[in-house]
Each structure stands twice: as structure tokens, then as C-alpha cells.
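In what follows, a single structure is set out as C-alpha cells and then discussed.
Chain letters run A, B, ... following the sequence lines, proteins first, then strands; residues in each count from 1.
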There are 2 protein chains.
Amino acid sequence: MPKQGRSLETRSRILEAAARVFAAHGYGKGTTNRIAEEAGISVGSLYQYFPNKDAILVELSRAHIHDGEALIAARFADTDLPADLEGRVRVFVEAAVANHIDMPRLHAVLFEQAPWSPELVAELRAFEDRTITAAESLLAADPSVRVTDLRVAATFVVGTIEALTHRFIVSEPARLAVPAFVEEMVAMVSRYLTGGA
Amino acid sequence: MPKQGRSLETRSRILEAAARVFAAHGYGKGTTNRIAEEAGISVGSLYQYFPNKDAILVELSRAHIHDGEALIAARFADTDLPADLEGRVRVFVEAAVANHIDMPRLHAVLFEQAPWSPELVAELRAFEDRTITAAESLLAADPSVRVTDLRVAATFVVGTIEALTHRFIVSEPARLAVPAFVEEMVAMVSRYLTGGA
DNA sequence: GTCTATACTGGGATAGAC
DNA sequence: GTCTATCCCAGTATAGAC
């Protein structure tokens, strides 16, 4: 497996081609031949860069997780993070949307059709756990938050944002427009956290 | 395609076997040979009852949709339906959980791996639309509901209950215990609908 | 009506030439 | 390092015997 220069570039080309092919044809019909063709190389060459089809897919999933983590980390570190709860919730909902809006069909394939190895599941899980813990500390520091169990609330909120982003953004056809979705999400989650009426 | 007596029984046996096989092995590895074996017949016989593998799967999906609709309809028709909003939300959350709790892995396969024909997608969609409309009329009749757009709220609530049930009940391993999940769901949705603090 | 044995196909992966 | 041609297998579906 080459590690530098032109080789890395070819590797990227394959990954980008694979993203387009999986998005267009799904996992099953996203064949290695098609990917190679889309990348402008032959199957034989493709197999010089990846040991098998699944390795390509794993790399795409890993990249998605990594992007998500970077996006969230940037928000947490932001010194301009709004002070009020609703504003903060909005920031994270918008981050979740941003992480899925560009290639929704690819994400659908990655999360709903592709086979996930135990290792990859563990990686996703670890990312979620870090996010939940970070969310928990944000909630703990906010006096307007009124819930009985911070950990449960953080778990529920993080899961809700992710699941509903998939439901309303990734899956087609759209049932709600993006701005409407964000508004309802922010309203629901912040009302939940502040204890309701 | 036989329509009576022992034939129908065999048909049911195949469907039940298929449910177990898909739940255990997923869509791809849930082969027709395995299904036949599990049903105690041969592949040849299986193909006398179903034209192809996907027809079996479609039948399972259709049954799930049908069960869901029956469950919801029963709740709507129930004269003992609680009068207060929170009580009503709880009833429907519990119905959604009940419709997924028995064979979670099968549902995961049905909704995340199996290929859905346009017709089947349309059927699911129609069911959802009927549910949204019914929910909308319930919300309209309730004075404690304070939302700007009833249709949007109904769409959002129905989608939320379904998506989060999948997220927290169907997918493994469980991140929250079932009772905790129901409590948080009821709290979040009813606070959302009553307009929050 | 049910079986066994097999034909057929798609697609992942590799051999070997250049 | 890249190509083409091909191997090979898994799995759907069918033929034909009983």
C-alpha cells in the first residue's frame, strides 16, 4: 500500500469515485468494476490500493465519523458559543445537518445498507460516547436545564439529534424543509431540557 | 399460488421461517436455501409458494406495516383513550414500542438492508400520511396544544416517535432501557406540543 | 406437490502480460 | 503499476424424477 505522492492521489480518486457510485447505485449494485471505471482506472489497479470492496466502504464510513467529530469539536471550542440554551442547541442541530446535507444518499448507504464490522461499530460508539459526555458537561453547567438524570438526558438528546437528522435530512423524499426541521428540532429539544411548561 | 387449507399453512410456515432467518443472518446471508431448510421443506417447494426471494421479504414488510396500522387504529378507536395530552402521547409511544419490541433484528433488516420497491415505499408512505392526518385532528381538538402549524407539528411528532423507536429499540446494543426511553419520549413530545416553558 | 441435482448469473478477486 | 482476461464462488432459480 503506497503511502506518498501520486499514489495517495489515486487513492483519493478511488474513494471519491466510490462515494459517487455508492450514492448512485447503493451498496449491492455499487460494484468494484463500476468504481474503477468511475475513477478512470481498471479493476486490477483498484485492488492494488484496497484489499477488497469493504475496505473502501470502511474508509468512507471512517471519514464520515471523523468529519462529524471535527465539526462537533470545533463548535465546543468556539468562544462565540451562545450563552443561552436554545442558541446552543441550535448550533449543534445545525452542525448535525451540515454533516449530512452534502451527500445524503451516500450516508443512507453507509448507515443502512453497508455491513459494519465490529471494530467500526466500536469506533462510532466511542465517538458517540465522547459526544454524550461533552454534552453532559454543557448541560451540567447550564442553570436553565431541569432534568432528573443528566446522563440519560444527554444520551437521549444526542441520539435524538442524530436519528432525526437521518430521518428528515438523509431519507428521501424530504417530509419537511430544512429550515422548518431545524426550528422544530430546536424547539423540541430545548423545551425538553428546560422541563417544559 | 394455492389459496386454501394446508397450502396456506405451508405459506405461513415459510414466512415465519424467513422472519427468523433474516433476523439471524441479515438480508444478504438470508438465503432461500436456508429459509427452506428452516421451514422444513426444500428450495424447490419454496418456489412453488413464492416467485422469488424478494416476494417473501415484501410480504414480511407488508405485514409489519399492517400490524402497525391495526395497532394505531385500535388506539384511536379506544373509548378509554386518556383525556390529557401526556397520557395520549404515552399511549402512542407505547404502541410504537410494542410494534417493534418482538423481533427487533428482523425490523432492522426490513428497514435498513432490504431493497424496497417503489410500490412498497408508497404503501408505507400512505400509512404514514394517514397516521399524520389522524394525529393532526387529535392535536386540533386539544386546547393544551400550542404550535404554530398543526400539520408540521403532526408530521414532526409522528416521524420522531417512529425514528426514535427504531434508534433506541431496534438498534443494538440498547443505549437506554425501555422504560427510561418511554419516559423521556413522552416528556419531550408533550413539552414540545404544549409550547414549552 | 415435493424432492435432488444442476444450470445460470453476477460480481469479487487474481494471474500474467506488458 | 496498470491493464485485460479469467477464475471462482455463492446464491437464485429451474428441470425433471418420483
message: Please report whether the ring centroid of B:H66 lies less than 6.0 Å from that of B:F127.
response: no

- request: Side chain of B:K53 only, please: which of D:dC3, D:dT12, C:dG12 is the nearest?
  value: D:dT12

- request: Answer yes if the side chains of A:N33 and A:T31 hold a donor-acceptor pair under 3.5 Å, and no otherwise.
  value: no

message: Please determine whether a side-chain nitrogen or oxygen atom of A:Y47 lies at a distance below 4.0 Å from atom OP1 or OP2 of C:dT14.
response: no

message: Looking at B:E9 and B:R6, is any side-chain nitrogen of the basic one under 4.0 Å from a carboxylate oxygen of the acidic one?
response: yes

- prompt: Between D:dG11 atom P and B:I56 atom CD1, what is the distance in whole Å?
  reply: 15 Å

field: B:V43 side chain, from C-beta outward: closest of C:dA5, D:dT4, C:dG12
entry: C:dA5

query: Rounding to a whole Å, what distance do you find between A:I14:CD1 and D:dG1:C1'?
result: 12 Å

message: If you compare every side-chain N and O of B:S42 against the phosphate oxygens of C:dT2 (OP1, OP2), does one of them come in below 4.0 Å?
response: no

- line: A:F50 CZ to D:dT2 P, in whole Å, measures 13 Å

- prompt: Between atom CD in B:E37 and atom P in C:dC3, what is the gap in whole Å?
  reply: 12 Å

- request: Scan B:N52 against the nucleic acid and name what it touches under 4.0 Å (heavy atoms): base, sugar-phosphate only, or nothing.
  value: sugar-phosphate

- request: Describe, in one word, how the ring planes of B:H100 and B:H64 are oriented to each other, choosing from parallel (under 30°), tilted (30 to 60°) and perpendicular (over 60°).
  value: perpendicular

query: Expressed in angstrom and rounded to an integer, what is the separation of A:I35 atom CD1 from C:dG12 atom P?
result: 8 Å

- line: Whichever of B:G44 and A:N33 has the more 5' nearest nucleotide on DNA chain C, that residue is B:G44

query: Within this structure, what is the NE2-to-C1' distance between B:H25 and D:dA10, rounded to whole angstrom?
result: 15 Å

- prompt: Do B:T133 and B:R151 have a side chain donor and acceptor closer than 3.5 Å?
  reply: yes

message: If you only use heavy atoms from C-beta on, which nucleotide in C:dT2, D:dT2, C:dG11 is closest to the side chain of A:Y49?
response: D:dT2

task: Consider the side chain of B:Q48, meaning its heavy atoms from C-beta on, and name the nucleotide among C:dT2, C:dG12, D:dT14 that approaches it most closely.
output: C:dT2

message: What is the distance, to the nearest angstrom, from the CD atom on A:E9 to the C1' atom on D:dG1?
response: 15 Å

- prompt: Which part of the nucleic acid, if any, lies within reach of B:T31 when heavy atoms closer than 4.0 Å are counted: base, sugar-phosphate only, or nothing?
  reply: sugar-phosphate

message: With a 4.0 Å cutoff (strictly under), does any side-chain N or O of B:T32 reach OP1 or OP2 of D:dG11?
response: no

query: Rounding to a whole Å, what distance do you find between B:L46:CG and D:dA13:P?
result: 10 Å

